[in-house]
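The structure appears below as structure tokens.
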Amino acid sequence: MRLRTSAFGKAATLAGFRADYRLAQVMEVNQSTVTRVVVGSLQPGPTFISRALTALAPLDFANLFEVARRPRPVCREWSGRSSSTNGLDSR
């Protein structure tokens, strides 16, 4: 889960929140939580998401957040195999 930082910042400004501190107060979370989510060092959890949506209504989830896909891990056992056999023994 990722915050759409540009949309979040614009929404906060339009709602009258000039600093993370005041927005954090309204959201009832620590200021450091807001700052860390905004800079991307912390992923937003359910509490942050629900309180951000309440504080920045009428924006909805899709306006403020996006689902970030994780890269698929490479299986070391199969990573060195030839693609022509797809790693299967042809015997």
Side-chain angles (χ1 to χ4, degrees):
M1 193 67 51
R2 249 192 324 236
L3 180 69
R4 295 181 188 273
T5 54
S6 179
F8 185 82
K10 288 177 187 176
T13 300
L14 290 172
F17 301 112
R18 304 287 180 228
D20 289 348
Y21 175 75
R22 181 65 186 128
L23 179 57
Q25 282 184 317
V26 170
M27 291 175 57
E28 297 179 0
V29 298
N30 290 327
Q31 177 185 357
S32 64
T33 300
V34 173
T35 302
R36 289 170 39 208
V37 171
V38 169
V39 299
S41 65
L42 179 68
Q43 291 184 345
T47 300
F48 183 93
I49 293 168
S50 65
R51 292 180 180 179
L53 293 173
T54 300
L56 300 174
L59 296 178
D60 63 15
F61 180 86
N63 296 126
L64 298 176
F65 301 94
E66 63 183 333
V67 177
R69 296 180 187 218
R70 292 185 190 175
R72 296 178 75 182
V74 174
C75 178
R76 294 187 193 278
E77 180 179 335
W78 293 96
S79 64
R81 306 257 180 170
S82 169
S83 61
S84 63
T85 61
N86 293 327
L88 300 176
D89 191 357
S90 59
R91 287 184 266 170

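- A donor-acceptor contact shorter than 3.5 Å links the side chain of R4 to the backbone of A62.
- Within the structure, every pair that satisfies the side chain to side chain donor-acceptor pair (under 3.5 Å) test and touches residues 25-38, not counting sequence neighbours, is listed here: D20-T35, Y21-Q25, R22-Q25.
- When hydrophobic side chains of Ile, Leu, Val, Met, Phe, Trp and Tyr are connected at separations under 4.5 Å, L3 ends up clustered with M1, F8, F17, L23, V26, M27, V29, V34, V37, V38, L42, F48, I49, L53, L56, L59, F61, L64, F65, V67.
- With sequence neighbours left out, S6 forms a side chain to side chain contact (heavy atoms under 4.5 Å, CB included) with K10.
- R2 meets the salt bridge (charged side-chain N to carboxylate O under 4.0 Å, His left out) test with E66; sequence neighbours excluded.
- Listed by chain and number, the hydrophobic cluster partners of V39 come to none, as no ILVMFWY side chain reaches under 4.5 Å of it.
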